[in-house]
Every structure is written in C-alpha cells, then in structure tokens.
Engineer: 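Right, I'll just put the structure down here and ask away after.
What you see is a predicted model, and the numbers here were worked out from it, not measured in a lab.
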Amino acid sequence: MSIPVSTESFRGIVHFVAAANAQSFTEAAEQLGITKSAIGKSISRLEHSLGTPLFHRTTRKISLTTEGEAYLASCQSALDILQSAEIALRSKLTEPSGLVRIDMPAAFGRSVMLPVLLDMCRRYPHLKLTLTFNDRVIDPLDMGFDLAIRFGPLKNSTDLIARRLNEQRLILCASPTYLAQYGIPSSLDELKQQRCIMAWRGGKPLSWLIKGTDGQDVKFNPSPFHQISDGDAMIEACVAGAGIVQFPESLLRPDIEAGKLVTLLPELTPSATELNVIWPRSRHLLPGVRFIIDELVSLSAANAFG
C-alpha cells in the first residue's frame, strides 16, 4: 500500500533539491523567496523524517552525503516528471514537452540519431533532452533512462519493452590506403592475417559476426591489431588506414560513397541485426517520451535509419 506524501514532506523535498543544486542554503532561499532559516529547518525536518543526514554542513559550505546524492537523483527525477505533467496539462497536450533521457550507442547516436532528435526539438521548443553516448551494455531501469537505442534483439522482455526501428547490415570495410599497403583479403583465412580494429568493451575485444560456410551466423574472433573503446574513433582510424572494421552499413555509407572506405568480403555479411528503441515496462510514458517513440517508429518506416 502506498503512503501519501505530506505537504510538509513535499515542501522539504523541494527545499532539499534547491539547496543541493545551489550548494548553498542562502542561494536556495533567495531562489525560493524564503529565509535561510526556514529552508534550514525544513531540510532538518526532512532529514529527521528519513532518519539520515542529507548534507555535510560546515560554517563555510554544504555538501551532499552519500545518502543525499542518491536521494537527490530520485527527487530530481520525480520533480521532472511532475513538471512535465504540469506542462502537458497546461498545453492540453497540443505539443510534446518535458525532459526525455535517452542513451545511445556512441557512433550511431552521434551521426544518425542526434540530428533526428535535434530536429524534433527545433519543431517543439518545450521538448528537452538528456543524451548519453556509450557502447556499454546498460540497464535502463538501473540507469534511470526513459529510452535507450540498442542494436540486437531484446534479451530481457520481462521488465523492458522494445520497438524495432529497422534492421542493420554489418559490413567489413577498409580504406583504399590500407588495402594498397596490405592487400585485399579474398577469403576468411586471408582476413585472419589482416590488421583488424576491434571494439574494446569490459576489458576484452568484442567478436565480429560473420556468415559461416553452412550459412549460419557465427562469432569470429580475429587477433586484434588495434583495440578501441569508442565507435567514432574506430571509424576514424579505419578511414586513416589503420585497419579493417565491422560496423553497421548506415554508419559507414557516407565514407563509402565518398570513396574513403571500400567494402570487403560481402559473402561473409551476416544476417541483419535489429535496431530497437527500448524503455522500462513499468514506467508510465509521459507525452514527450511517447512522442519520441512514435516519431522514431514513423521515421523508420521511411527508412530514415537505413
């Protein structure tokens, strides 16, 4: 059974967030139009109610305790949701608004998704984004994201929902400079002898996926020559002639069309991999989040991410 939050507790939360963000009781009091004494007493009552201190206090400054940092993240998220709901109601849902937190693969997010998302924000000025770019496997539930863009099928369907945007072909590429120096591989055995640029995740290189002799997709682990943890840097290294990479074709196409990269061994191209937008199943979708999902699905139908 849920326990209702009292008016005093809610006021204390607002005062706590303001003080934490300002890192000062005095500045927070000025922002809220109340006295420093009032905000101090309000936060003290909140700490007493929670049974733990939220701030380290000295005569010169305040700083969050470990418990305070964790509580701030939850409080800020709750206030953002309330603000988004208020904006939505005031605008009577005439346009998307509020804060949406999205995590994306680094290279694909920057080159393909970022322009699409920024265009949405240009069209709807009240839509705000918090974007992170990384190639680690993350759990949106643990990390506090509203949405995540990921390659590959959804493995955990209990707590997450996925909408497929399209399928992406993984291709092998190298620069003309590299191929002129090291030769063009014509078989899997020759590929094994080449300088392969591998993604570095969790202390080890990631496997490539290729089509085996029986037509089934299999993992391929060439001896890595370079190991790089950032997708953009991997592509830049490949264009510079450092070796061979495997990436979604949509990321490499501009450099292929510009003659900076050449596709290799198309017979080894595996089955296309899914591109999905995922979000927590239990979370109520605010209008801004729902709008972005619908827009991405609509754009995928027009092959915007191919």
Engineer: Would you say the side chain of Ile228 lies within less than 4.5 Å of the side chain of Trp200, judging by non-hydrogen atoms?
Structural biologist: no
Engineer: For Ser300 and Val297, indicate whether the former's side chain and the latter's backbone hold a donor-acceptor pair under 3.5 Å.
Structural biologist: yes
Engineer: Could you give the distance from CD (Gln246) to CG (Leu191), rounded to the nearest 0.5 Å?
Structural biologist: 9.5 Å
Engineer: Taking Glu295 for the side chain and Phe291 for the main chain, is one N or O donor matched with an acceptor at less than 3.5 Å?
Structural biologist: no
Engineer: Should Tyr182 and Arg195 be marked as a side chain to side chain donor-acceptor pair (under 3.5 Å) after you check the CA-CA gap, both sets of side-chain angles, and the distance that decides it?
Structural biologist: CA-CA 9 Å; Tyr182 296 101; Arg195 299 186 173 208; 3.3 Å; yes
Engineer: Counting only N and O atoms by type, is there a donor-acceptor contact under 3.5 Å from the side chain of Asp119 to the main-chain atoms of Pro115?
Structural biologist: no
Engineer: Check whether any side-chain N or O of Asp217 sits under 3.5 Å from a backbone N or O of Ser271 as a donor-acceptor pair, and report yes or no.
Structural biologist: yes
Engineer: Distance-only, no hydrogens or angles: does the Asn276 side chain make a donor-acceptor pair with backbone N or O of Ile278 under 3.5 Å?
Structural biologist: no
Engineer: Give me the atom names and distance for the closest heavy-atom approach of Ile39 to Ala29.
Structural biologist: CD1-N, 4.0 Å
Engineer: Just checking Lys260: does its NZ atom have more than 12 heavy atoms from other residues, nucleotides or ligands closer to it than 6.0 angstrom?
Structural biologist: no
Engineer: Do the side chains of Leu296 and Met113 get nearer than 4.5 Å, heavy atoms only?
Structural biologist: yes
Engineer: Has Gln23 got more than 12 heavy atoms of other residues, nucleotides or ligands less than 6.0 Å from its CD?
Structural biologist: no
Engineer: Does any part of the side chain of Leu172, heavy atoms only, come nearer than 4.5 Å to the side chain of Trp208, both counted from C-beta?
Structural biologist: yes
Engineer: Under 3.5 Å, is there a donor-acceptor pair between the side chain of Asp146 and the main chain of Val289?
Structural biologist: no
Engineer: Does a sphere of radius 6.0 Å around CZ in Arg45 hold more than 12 heavy atoms from other residues, nucleotides or ligands, not counting ones at 6.0 Å or beyond?
Structural biologist: yes
Engineer: Can you tell me if Gln168 uses its side chain to pair, donor with acceptor, with the backbone of Leu251 under 3.5 Å?
Structural biologist: no
Engineer: Assess the side chains of Asn303 and Asn166: does a donor N or O sit below 3.5 Å from an acceptor N or O?
Structural biologist: no
Engineer: Does NE2 in His48 sit with more than 12 non-hydrogen atoms of other residues, nucleotides or ligands closer than 6.0 Å?
Structural biologist: no
Engineer: Measuring only between side-chain heavy atoms, which start at C-beta, is Pro248 closer than 4.5 Å to Leu170?
Structural biologist: yes
Engineer: Measure from the side-chain N and O atoms of Thr65 to the backbone N and O of Pro53, and report whether any donor-acceptor pair falls under 3.5 Å.
Structural biologist: yes
Engineer: Over all heavy atoms of both residues, which pair between Leu209 and Lys219 is shortest? Give the atoms and the distance, please.
Structural biologist: CD1-N, 4.1 Å
